[in-house]
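The structure appears below as structure tokens.
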Amino acid sequence: MALNIVIMAAGKGTRMKSATPKVLHKLAGRSLLAHVLKRCEPLAAAARIVITGHGAEQVEAAVQADGIGFVRQMPQLGTGHAIQQVVPVLQGEGTTLILNGDVPLIETATAKALIDACAGHALVLLTVDLADPTGYGRIIRNPDDGGVLAIVEHKDATPEQRLIHEGYSGMMAAPTGALKRWVGQLTNHNAQGEYYLTDIVAMAVAEGLPVLGIKAGSEIEVLGVNDPVQLAQLERAFQAQQAETLMRAGVRLADPARFDLRGTLVHGQDVEIDVNCVFEGEVTLGDGVRIGANCVIRNAKIAAGARIHEFTHIDGEAAGASVGEGALIGPFARLRPGAQLGAEVHIGNFVEVKNSTLAKGAKANHLAYLGDATVGERVNYGAGSITANYDGANKHRTTIGDDVHVGSNCVLVAPVTLGHGATIGGGSTITKDVNPGDLAVARGKQVALTGWTRPAKKR
Ligand code: UD1
Ligand code: MG
């Protein structure tokens, strides 16, 4: 039986007070709409349709992917009007699942339960018991058998109906054929002058079709975002949920309230994370990895036993960054895309590494830059030394052999190769290759003027 998934995302989101369409605002680093799409990915669907309207071009560009279709709703005359626009593209006579682009945390299992209960012939509503149901459509049930009779929108509800705490989440599964017929019969004779999708409930009841209300497992999966306050509240709720999952899997978080994961975190055993760390994209932490306070780590793999000290920034961007087993990084280190550090590498404070490979045991402990470099084992790279990798037009590589010692404040002008075991005197500007084992010094010679007197101030 064909399944259609329809996500309503045409609304304006006025209360966000933002130039960005509401569904593109981010929760845990990903747009609200992208969360919804991701959560229905595992559902085998004949069609996935996003209804766009306000900021349509921006919304469509942001989430376009194979297998996702867009239908525009202009102007936006209500949720029923939105579904009227997709009628021509709905496939088959099976089930249509309707979700909201601004309710990001719907569980895949809940969506599946709605689809299964619908089975192409019942109308199934996802409902939720709310402490404060203000603004929600109320579920009107038959006092005798508890069956659902209708949904009445908050603005149209009587004072008695407003006392009902069971609200409509905005998500439903409907028989596709009947849905097409029902939305064609909607009117806008109501308090908001809108075409309400929720009016189809009374139509289904009148036709004698089964109407079921399934209660959401948790409030968080039906919470919508209307303003920046709700966005921040949902962000914290989601972060707390992620933190709890990680802690139950053995990760030790110093404070789950000061932890942010904006992507996925794969971890080994005995991982410890201090306060105020942010993980973005795809991050892997091996066994026994410890992350100090205030680190930001994005798209990186940290191998077992490595220690990332406080205030370190690692951003692998698209290329990724990797830290070897037992390496010591930071505090205040910066690893950029293509930084590939071997086992037991030490990167200290104010050291920046970009697109460079450092072999086992190499050390750059203070105030240095390694860009586009290949660094051998046990290299000691002195404080203040840099690779001058950019000639103003092109980037060039620096190759440093095993056991090279680079003194402090050296400039290695690329392309250049330092043979294994070479030593570079402090303060040198190296523009020519250095043979293995040689000492290279390239700086002004020290002179001593005996008996020289300093100038005195004129009176
Ligand atoms: C809707 C429900 C209400 C439910 C509530 C849950 C209706 C009539 N009411 O009310 O019963 O309790 O959701 O949050 O359905 N949208 C469009 N085009 C439109 C109007 C809305 O695509 O013309 C989209 C919005 O972008 C949003 C969703 O539909 O994603 C819901 O719209 P919204 O205006 O928030 O509905 P509510 O008034 O909250
Ligand atoms: Mg509305």
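Because only heavy atoms are used, hydrogens play no part in the values below, and waters and symmetry mates are left out as well, while side chains stay in. Ligands are counted one by one from 1 in listed order, and the atoms in each one are counted from 1 as well.
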Carboxylate-amine/guanidinium contact Asp372 Lys354, below 4.0 Å: yes

Option with minimal heavy-atom separation from atom 8 (C) of ligand 1, where the choices are Ile151, Thr79, Val36: Thr79

Atom indices of ligand 1, in the order listed, that fall short of 4.0 Å to a heavy atom of Leu77: 23 (O)

Gly167 heavy atom under 4.0 Å from ligand 1: no

Note: Arg236-Asp260 ion pair, threshold 4.0 Å (strictly below): yes

Under-4.0 Å heavy-atom contact with ligand 1, by part of Glu194 that carries it: neither

Ring-ring centroid check Tyr390 His396, cutoff 6.0 Å: no

Any N/O pair Tyr168/ligand 1 closer than 3.5 Å: yes

Polar proximity ligand 1 side, Gln192 side, N/O cut 3.5 Å exclusive: no

Per-atom contacts of ligand 1 with Gly137, taking only distances under 4.0 Å to non-hydrogen atoms: 3 (C), 4 (C), 11 (O), 12 (O)

For Tyr196, atoms of ligand 1 separated by under 4.0 Å from a heavy atom: 8 (C)

Any N or O of Met8 closer than 3.5 Å to N or O of ligand 1: yes

Test side-chain contact (heavy atoms from CB on, under 4.5 Å) applied to Val222 and Thr110, Leu126, Asn100, the passing residue: Leu126

Close N or O approach (Gln73, ligand 1; < 3.5 Å): yes

Side chain proximity check, Gln73 to Met8, heavy atoms < 4.5 angstrom: no

Per-atom contacts, ligand 1 versus Glu153 - under 4.0 Å to a heavy atom: 2 (C), 3 (C), 7 (C), 8 (C), 9 (N), 10 (O), 11 (O)

Within-4.5 Å side-chain heavy-atom neighbours: Ile98 and Met171: no

Ionic contact status for Glu352 with Arg336, cut-off 4.0 Å: yes

Within 6.0 Å of CD in Glu317, more than 12 heavy atoms from elsewhere: yes

Within-cut-off N or O pair, Ile51 and ligand 1, under 3.5 Å: no

Residue part near ligand 1, for Ala10, under 4.0 Å between non-hydrogen atoms: both

Gly11 N/O to ligand 1 N/O under 3.5 Å: yes

Ligand 1 contact on Asn226 by region, counting heavy-atom pairs under 4.0 Å: neither

Asp66, CG atom: more than 12 neighbouring heavy atoms under 6.0 Å: no

Salt-bridge criterion met for Arg290 and Asp274 (N-O under 4.0 Å): no

Non-hydrogen atom of Ser169 closer than 4.0 Å to ligand 1: yes

